[in-house]
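Computed from a prediction, not measured in an experiment: that's the story for all the values here. In the text below, chain A, chain B and the rest are named by the order of the sequence lines, each starting its count at 1.
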Number of protein chains: 2
Amino acid sequence: MRVSTRGEYGVRAMFDLALNYGNGPIPLKAVAKRQLVSETYLEQLLGALRRAGLVSSTRGAQGGYELAHPPERITVGQIIRVLEGPITPLDCLDTDSGSGPYCGQPDQCVLRGLWKNLQDSMERVLDNTTLEDLRSKAIRLGVAQGQ
Amino acid sequence: MRVSTRGEYGVRAMFDLALNYGNGPIPLKAVAKRQLVSETYLEQLLGALRRAGLVSSTRGAQGGYELAHPPERITVGQIIRVLEGPITPLDCLDTDSGSGPYCGQPDQCVLRGLWKNLQDSMERVLDNTTLEDLRSKAIRLGVAQGQ
DNA sequence: TCATTTCCGACTAGATTCGTCGGGATTCAA
DNA sequence: TTGAATCCCGACGAATCTAGTCGGAAATGA
């Protein structure tokens with residue numbers, strides 16, 4: 001039931017880019033330093049987020065990364081899905097095509113309801129929290145580190 | 001964001017014991033067969049659940065396992081915690097004694113709120129679903145395998 | 001041309017997961 | 001008292017996942 005560091009660091013990095021949204025590309029090095037994440041590791045994560053269309057990059061000197069959309073249009077759920085795969089407690093909830101609604105055993109549809117409830121409640125939180133929500137809260141608390 | 005097989009199989013086994021609650025000890029072998037779980041693996045899980053006080057066991061011939069409390073007094077959250085540890089997306093949410101409310105970085109208290117929301121919503125589902133809920137639903141659906 | 005920066009694939013050490021295995025202890029029943 | 005059924009326990013192991021590192025190529029602005 002844990003988020004791995006991929007998801008955790010990825011959200012931190014995206015939060016950082018949200019705070020700096022509108023200031024042009026931000027070098028990975030700056031994000032890594034502020035968010036206390038290894039540069040080489042973060043490179044992997046931002047690469048995946050770029051390929052998924054959540055950030056855009058500019059190469060070369062004065063280059064860097066920026067959000068591909070305004071902060072209010074990017075949710076934490078999107079970020080987690082790119083970095084950790086589907087948000088689901090059990091794989092069979094997503095691939096119900098393969099094993100049918102019963103997961104192979106009739107009584108499992110009882111337990112399936114349980115796991116589905118859990119999935120829904122996780123997705124409800126993650127899909128309804130945008131980077132803008134996090135940004136405005138940071139500003140309200142006065143912890144937004146500019147640029 | 002996944003439940004491991006420990007949690008999944010553990011819930012299945014406890015669900016099975018709930019369906020058979022009141023019939024005396026049920027041998028592990030029977031549970032394993034009905035729930036399609038390896039006997040030797042399930043032995044590990046039921047051992048942990050016994051040490052945690054959720055099931056009781058009777059040794060020797062005609063022995064087996066049974067719920068240590070009525071099904072309405074055992075929640076899925078209890079089972080998961082025994083088999084997978086604390087229900088939390090990030091370790092720092094539980095051990096806030098160590099690193100303080102800021103997790104080392106001031107702006108993390110913003111993200112902390114996000115992860116706390118996620119944790120709360122997971123716990124709400126798991127702690128409010130009892131084995132009796134699952135049992136009565138199984139009976140309603142007619143999928144409860146007797147004995 | 002040079003420093004900066006992204007991009008890419010390969011690699012690795014360690015932890016975790018998902019079990020298996022062998023044997024011991026206990027209990028009931030014949 | 002013997003034997004089958006059953007729980008109990010610790011050690012072991014293969015496969016997978018996690019959390020990165022590393023080396024170098026390509027692009028870009030000054």
key: Test side chain to side chain contact (heavy atoms under 4.5 Å, CB included) applied to L46(A) and L49(A), step by step   = CA-CA 5 Å; L46(A) 284 174; L49(A) 292 165; 4.1 Å; yes
Between C1' of dC8(D) and CG of L45(B), the distance in whole Å = 14 Å
inquiry  = To the nearest 0.5 Å, what is the distance between CD on E39(A) and NZ on K33(A)?
reply    = 10.0 Å
key: Connected via hydrophobic side-chain network under 4.5 Å: L17(B) and I139(B)   = no
query = Pick one: which of T58(A), N23(A), V55(A), N20(A) meets side-chain contact (heavy atoms from CB on, under 4.5 Å) with E66(A)?
reply = T58(A)
inquiry  = Check this for me, if you would: do D120(A) and K116(A) make a salt bridge, where the nitrogen-to-carboxylate-oxygen distance has to be below 4.0 angstrom?
reply    = yes
Spacing of Y65(A) atom OH relative to dT4(C) atom C1', expressed in whole Å = 13 Å
note = Only one of L67(B), V11(B), L19(B), L54(B) passes side-chain contact (heavy atoms from CB on, under 4.5 Å) with L131(B), and that residue is L67(B)
query = What is the distance from CG of L42(A) to P of dT6(C), rounded to the nearest Å?
reply = 9 Å
inquiry  = Regarding L46(B), tell me which of base, sugar-phosphate or nothing describes its non-hydrogen contacts under 4.0 Å with the strands shown.
reply    = nothing
query = Distance from M1(A) atom CE to E84(B) atom CD, nearest 0.5 Å?
reply = 7.5 Å
task = Take the protein atom CZ of R2(B) and the nucleotide atom C1' of dT16(D), then report the distance between them rounded to whole Å.
result = 14 Å
ask   = Given atom CG of D91(A) and atom P of dT16(D), what is their separation to the nearest angstrom?
value = 14 Å
query = Is R81(A) salt-bridged to E123(A), going by a charged N under 4.0 Å from an acidic O?
reply = yes
note = Each nucleotide of nucleotides 14-30 of chain C classed B (base within 4.0 Å of a protein heavy atom), S (only sugar-phosphate) or -, in 5' to 3' order, makes ----SBB---BBBBSS-
ask   = Quick one, which residues of residues 50-57 of chain B touch DNA chain C with a heavy atom under 4.0 Å?
value = none
message = Distance check needed: dG20(D) P versus L83(A) CG, whole Å only.
response = 14 Å
